[in-house]
Amino acid sequence: EKGGYDHFMLKEIFEQPKSIADCLRGRVNADDAIIQLGGLRNHITKLAKAKRIVFVACGTSWHAGLVGEYLFEELARINVEVEYASEFRYRNPIIKEGDFVIAISQSGETADTLAALELAKSKGAIILGVCNVVGSSISRITEAGVYTHAGPEIGVASTKAFTAQVTVLTMIAIATAQAKGTIDDETYRRLLIELAAIPQKVEEILKSAEEIKDISKLFTFASNFIFLGRGLNFPVALEGALKLKEISYIHAEGYPAAEMKHGPIALIDEDMPVVFIATKDSSYEKVVSNIQEVKARKGRVIAIVSEGDVQVKEMVDFAIEVPNTDEILQPLLTVIPLQLLSYYIAVMRGRNVDQPRNLAKSVTVE
Ligand code: F6R
């Protein structure tokens, strides 16, 4: 049932070209420049008028929400907040008429996320869901939503569910932006073409699995890791750190790269591995300076770089290339090497990657 893979997690990482394609299927037609989200048929025009969107989620799904924040702000110019469901539900959150509260949940059963939605509903918000499990509690209580169609995720560490969540959020953001007129026709068409090309590009990245395994071997000694990125790659840094800590039990932290000098830089020495997401985008030059700061303190740097990169490659200890794509779609690619890195490090440390200690696949108690 693991399809020849050693673990479900590895199988699910390798399934991503297919799971992302399944998520796009019947929804994005790049040739005809059409996005159709059946589940939100009556909601896209309302979303286009929304003053505020609040994402509620936990863990990896919360990271997908952070990517969603950048997407909706950038494309649809809507105010977005991303809330830990457990915090949101125990505050007295301000909900105004017309606010959308969108739950993101693989299982659709996470107790805190479900309770946050119920609270939002009682305060008059329009509640939507982005779930993977069809017929789950969250998908049943929401007014409407979009399924991620990633297929069953068995490994406790979420991988293909995350990329499907980001794919769904991207589709909703593009459709909303188009309805609202905040992106021009050319951008709209280009984004759809780029989105349709993502599965093939993920396939390309998976070809570097052996190379990533070799790099991983050199880092099994580490007891700490820092992950840094900016913009849309900041949530990816958080996700990389979460993957590593949950399956390898190595302490890891993710930060926006510029925050480093406000504290974490004190941790950098020759024993501290630092993973940078340093793809060619609007913050590239800034990230390059952040890498210099780490190298000046002898940190060991692994960088995720764009195909054809020269500058970062010369500075770092190890570089892993990902294909180029539009800046807003980068998380779908940059997260893949981080999933593989954490997987191989955990396996080499003899961990039970599919069922890490203390963790459950679905957290149905708060
Ligand atoms: C991390 C992970 C968890 C879940 C979180 C939310 O790999 O799997 O952090 O993302 O428990 O679960 P769902 O998405 O089912 O609500």
Side-chain angles (χ1 to χ4, degrees), residues 7-13 15-16 19 23 55-68 82-89 101-118 120 127-142 145-169 227 235-250 252-254 331 335-336 338-343 345-346 351-366:
H7 299 94
F8 282 110
M9 181 180 176
L10 190 62
K11 171 174 177 265
E12 288 159 5
I13 291 172
E15 267 170 11
Q16 288 174 108
S19 52
C23 182
F55 289 115
V56 291
C58 305
T60 288
S61 299
W62 184 79
H63 297 154
L66 288 180
V67 176
V82 189
E83 299 273 0
Y84 284 115
S86 57
E87 287 298 314
F88 179 85
R89 65 179 286 202
V101 174
I102 307 181
I104 307 168
S105 176
Q106 188 285 129
S107 62
E109 303 296 345
T110 302
D112 281 322
T113 310
L114 190 59
L117 265 190
E118 278 162 352
I127 60 167
L128 304 179
V130 174
C131 295
N132 193 42
V133 177
V134 176
S136 55
S137 305
I138 291 175
S139 67
R140 280 185 279 117
I141 73 155
T142 43
V146 180
Y147 282 118
T148 44
H149 292 320
E153 191 179 64
I154 313 283
V156 163
S158 186
T159 53
K160 64 175 181 171
F162 173 78
T163 45
Q165 288 166 340
V166 172
T167 303
V168 164
L169 294 173
F227 289 75
V236 175
L238 294 180
E239 176 58 7
L242 179 62
K243 285 294 86 103
L244 188 68
K245 65 188 123 181
E246 64 185 335
I247 60 168
S248 70
Y249 317 148
I250 293 174
E253 293 199 52
V335 75
I336 310 285
L338 304 189
Q339 295 169 343
L340 286 167
L341 190 71
S342 63
Y343 171 78
I345 291 178
R351 304 303 189 208
N352 181 353
V353 291
D354 281 338
Q355 274 177 321
R357 67 184 182 202
N358 310 340
L359 289 173
K361 182 66 187 158
S362 181
V363 184
T364 53
V365 290
E366 67 170 291

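In what follows, every heavy atom counts, from backbone to side chain, and hydrogens, waters and symmetry copies are set aside. Start at 1 and go down the list; that is how both ligands and their atoms are numbered. Worth saying up front: this structure is predicted, and the values here are computed from it rather than measured.
Of all heavy-atom pairs between Ala164 and Cys23, the closest is O-SG, 3.8 Å. The two residues Ala150 and Ala161 come nearest to each other via the heavy atoms CB-CA, 4.3 Å. Pairing each heavy atom of Val335 with each of Thr163, the nearest pair is CG1-CG2, 3.7 Å.
Shortest contact from atom 5 (C) of ligand 1 to any protein heavy atom: Cys58 O, 3.6 Å. For atom 4 (C) of ligand 1, the nearest non-hydrogen atom of the protein is Thr60 N, 4.1 Å. When hydrogens are left out, the protein atom nearest atom 8 (O) of ligand 1 is Val156 O, 3.2 Å; that is the closest non-hydrogen contact.
The contact set between ligand 1 and Ser105, taken as ligand atoms under 4.0 Å from a residue heavy atom, comprises 13 (P), 14 (O), 15 (O), 16 (O). Atoms of ligand 1 lying under 4.0 Å from any heavy atom of Lys243, numbered from 1 in the order shown and given with element: 1 (C), 7 (O). Counting the atoms of ligand 1 from 1 in the order shown, those under 4.0 Å from a heavy atom of Ala157 are 7 (O). Using a 4.0 Å cut-off to heavy atoms of Ser107, the atoms of ligand 1 that qualify are 13 (P), 15 (O), 16 (O).
In Thr113, neither the side chain nor the backbone holds a heavy atom less than 4.0 Å from any atom of ligand 1. Counting heavy atoms under 4.0 Å from ligand 1, residue Glu246 touches it through the side chain alone.
The closest approach between any non-hydrogen atom of Thr159 and ligand 1 is not below 4.0 Å.
On a distance-only criterion, Val363 and ligand 1 share no N/O pair closer than 3.5 Å. The shortest N or O to N or O distance between Gln165 and ligand 1 is not below 3.5 Å. Annotation: Thr110 places an N or O atom under 3.5 Å from an N or O atom of ligand 1; distance criterion only.
Judged by distance alone, the side chains of Ser61 and Gln165 do bring a donor and an acceptor atom under 3.5 Å apart.
Each of Glu12, Glu239, Lys243, Gln16 was scored for a side-chain hydrogen bond (donor to acceptor under 3.5 Å, both in side chains) with Gln339, with one residue passing: Gln16. Applying the side-chain hydrogen bond (donor to acceptor under 3.5 Å, both in side chains) test between Glu109 and each of Ser136, Ser137, Ser362 identifies Ser137 as the sole match. Shown are Asn132, Val130, Thr60; of these, the side chain to side chain contact (heavy atoms under 4.5 Å, CB included) with Gln106 is made only by Asn132.
Between His7 and Tyr343, the ring planes are perpendicular. Angles over 60° get that label, and only those under 30° would be called parallel.
No more than 12 heavy atoms of other residues, nucleotides or ligands sit less than 6.0 Å from atom CD of Gln355.
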